[in-house]
> 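Dropping a structure here in structure tokens format, bear with me for questions.
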Amino acid sequence: MNTGAGAGTRAGATPDRQARAVLLGPRSAVALALVSAIGVAAFGWPLLADSASGLAHSRDAPWLFAALLPLLIAVVVATIADTGLGAKSIAMLGVLAAAGAALRPLGAGTAGLEPMFFLMVLAGRVLGPGFGFVLGAVCMFASALLTGGVGPWMPFQMLSMGWVAMGAGLLPGADTLRGRRELLLIAAYGAVASVGYGLVMNLQGWTYIAGLGSGISFVPGDPLAANLARFVAYWLATSLGWDLPRAALTVVLTLTLGPVVLRALRRATRRAAFDVPVTFAERAESGRDKTGRQ
């Protein structure tokens, strides 16, 4: 009977512990927490800024955050790479980022259908939150270069996709939950994350757009409740029709292709043996006598 790492679990047995491509250390966790907190401020400053502050009335705020976020994301990726990304993890990252970047153009501009979301969610689920954040950010960067979608919104897209994949890695039952229940959990998360992605990205772009109707325009310095009501109206009018198809496609792809993709990713992580340190053994000098001759 095969009892190696690549062997499947027997019926009724507890699944093997799921390998993590990146083990988050204290430095990586702190860096992720800090960039996430700054990201929340970057997305939510229109609603969070006090009416008496200069930030609330500043048109430079979104541009400042757009310039700051790429540097912060680069620091986080470098920190995670320095503390947890090995050669095998980088190889896996390159393959999945290329696959996700290739999937994005398939649905770009078509009713919000973006098949890359289901791959990011499944990869984050299998490979963990640290790897998921790096994968989401790198994949969105690569796909933006591929599709020509480079602009002040790109850092926000990178951060948002990093959150999407990272959140999948934080779902419960990574080592124990399998089968239909796991698929339903991932599909439900994918639907929520797909809608949430559209919601926060609309919050980022809302302040740029001038000339909207007074009922949905951002009004600098207005009370939180008033601006929040306007933003919800703006999101319902301009984005929900794109966010719901994205969520529906993510659910359909997860339920249909999810079992195959999950098995493939888990098989790849077992074969890669991320948890096993790389060692170098000295080559045996067989076939030689004490004098060094054959």
Side-chain angles (χ1 to χ4, degrees), residues 14-44 69 72-73 75-77 79-81 83-85 89 92-93 96-97 100 116-140 156-201 246-247 250-251 253-255 258-259 261-263 265-266 268-270 272 274-275:
T14 301
D16 296 332
R17 183 179 67 86
Q18 184 165 291
R20 296 299 194 188
V22 174
L23 297 178
L24 286 179
R27 283 172 51 200
S28 302
V30 169
L32 268 175
L34 287 177
V35 77
S36 295
I38 295 173
V40 170
F43 280 108
L69 278 179
L72 296 175
I73 294 172
V75 169
V76 173
V77 172
T79 302
I80 293 176
T83 59
L85 272 178
S89 300
M92 180 77 76
L93 174 66
L96 291 174
M116 69 179 296
F117 271 75
F118 103 99
L119 180 61
M120 295 298 101
V121 169
L122 294 179
R125 168 65 173 176
V126 172
L127 295 163
F131 186 93
F133 181 86
V134 176
L135 174 63
V138 171
C139 181
M140 188 58 73
F156 295 90
Q157 290 178 326
M158 292 171 61
L159 182 61
S160 299
M161 188 58 76
W163 283 340
V164 167
M166 181 177 71
L170 295 173
L171 292 174
D175 299 328
T176 58
L177 190 62
R178 296 292 185 270
R180 184 74 175 174
R181 292 175 58 197
E182 182 184 34
L183 275 181
L184 292 175
L185 174 66
I186 298 173
Y189 171 79
V192 173
S194 297
V195 174
Y197 174 88
L199 180 68
V200 298
M201 284 306 303
R246 182 192 303 120
T250 302
V251 170
L253 292 178
T254 299
L255 295 178
V261 176
L262 286 172
R263 283 197 299 269
L265 288 173
R266 285 181 171 133
T269 57
R270 287 196 298 268
F274 294 114
D275 297 336

> Kindly confirm or rule out a cation-pi arrangement of R246 over Y197, judged by NZ or CZ under 6.0 Å from the six-membered ring centre and within 45° of its axis?
no
> Evaluate the side-chain proximity of M201 to S160: yes if any heavy-atom separation is below 4.5 Å, no if none is.
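The answer is yes; the side chains approach within 4.5 Å.
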> Please collect all ring pair (Phe, Tyr, Trp, His ring centres under 6.0 Å) contacts where either partner lies in residues 171-190, sequence neighbours excluded, each pair once.
none
> Go through it in stages, so that I can follow the logic: the residues are E182 and R266, the test is salt bridge (Lys or Arg N to Asp or Glu O under 4.0 Å), and I'd like the CA-CA distance, side-chain angles, deciding distance and then a yes or no.
CA-CA 14 Å; E182 182 184 34; R266 285 181 171 133; 2.5 Å; yes
> Can you confirm whether V200 sits close enough to L159 that some side-chain heavy atom of one is under 4.5 Å from a side-chain heavy atom of the other?
no
> Taking atom CE of M116 and atom CE of M140, what is their separation to the nearest 0.5 Å?
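Here the interatomic distance stands at 4.5 Å.
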> Taking all non-hydrogen atoms of both residues into account, name the closest pair between C139 and A97 and its distance.
SG-O, 3.8 Å
> Just how far is it from atom CG of L265 to atom CG of L122, taken to the nearest 0.5 Å?
7.0 Å
> Do F118 and V261 have side chains that get closer than 4.5 Å, going by heavy atoms?
yes
> Distance from L171 atom CG to L185 atom CG, nearest 0.5 Å?
5.0 Å
> Compare every heavy atom of P129 with every heavy atom of G169, then report the nearest pair and how far apart it is.
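Result for this residue pair: O-CD, 3.6 Å.
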> With side chains defined as the heavy atoms from C-beta onward, is the minimum distance between F131 and M166 less than 4.5 Å?
no
> Is there a side chain to side chain contact (heavy atoms under 4.5 Å, CB included) between R178 and L183? Walk through the geometry before answering.
CA-CA 8 Å; R178 296 292 185 270; L183 275 181; over 6 Å; no
> With sequence neighbours excluded, what pairs up with S194 under the side chain to side chain donor-acceptor pair (under 3.5 Å) test?
T250
> How far does CG of L93 sit from CG of L127, to the nearest 0.5 angstrom?
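Reported value, rounded in 0.5 Å steps: 9.5 Å.
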> Testing the basics here: between R125 and P172, what is the closest heavy-atom pair and its distance to 0.1 Å?
NH1-O, 3.0 Å
> Can you tell me how far the CG atom of L135 sits from the CG atom of L119, to the nearest 0.5 Å?
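Interatomic distance, L135 CG to L119 CG, rounded to 0.5 Å: 7.0 Å.
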> Could you report the tightest heavy-atom contact between A187 and V251, atom names first, then the distance?
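Taking every non-hydrogen atom into account, O-CG2, 3.5 Å.
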> With rounding to the nearest 0.5 Å, note down the distance linking CZ in F156 to CZ in F43.
6.0 Å
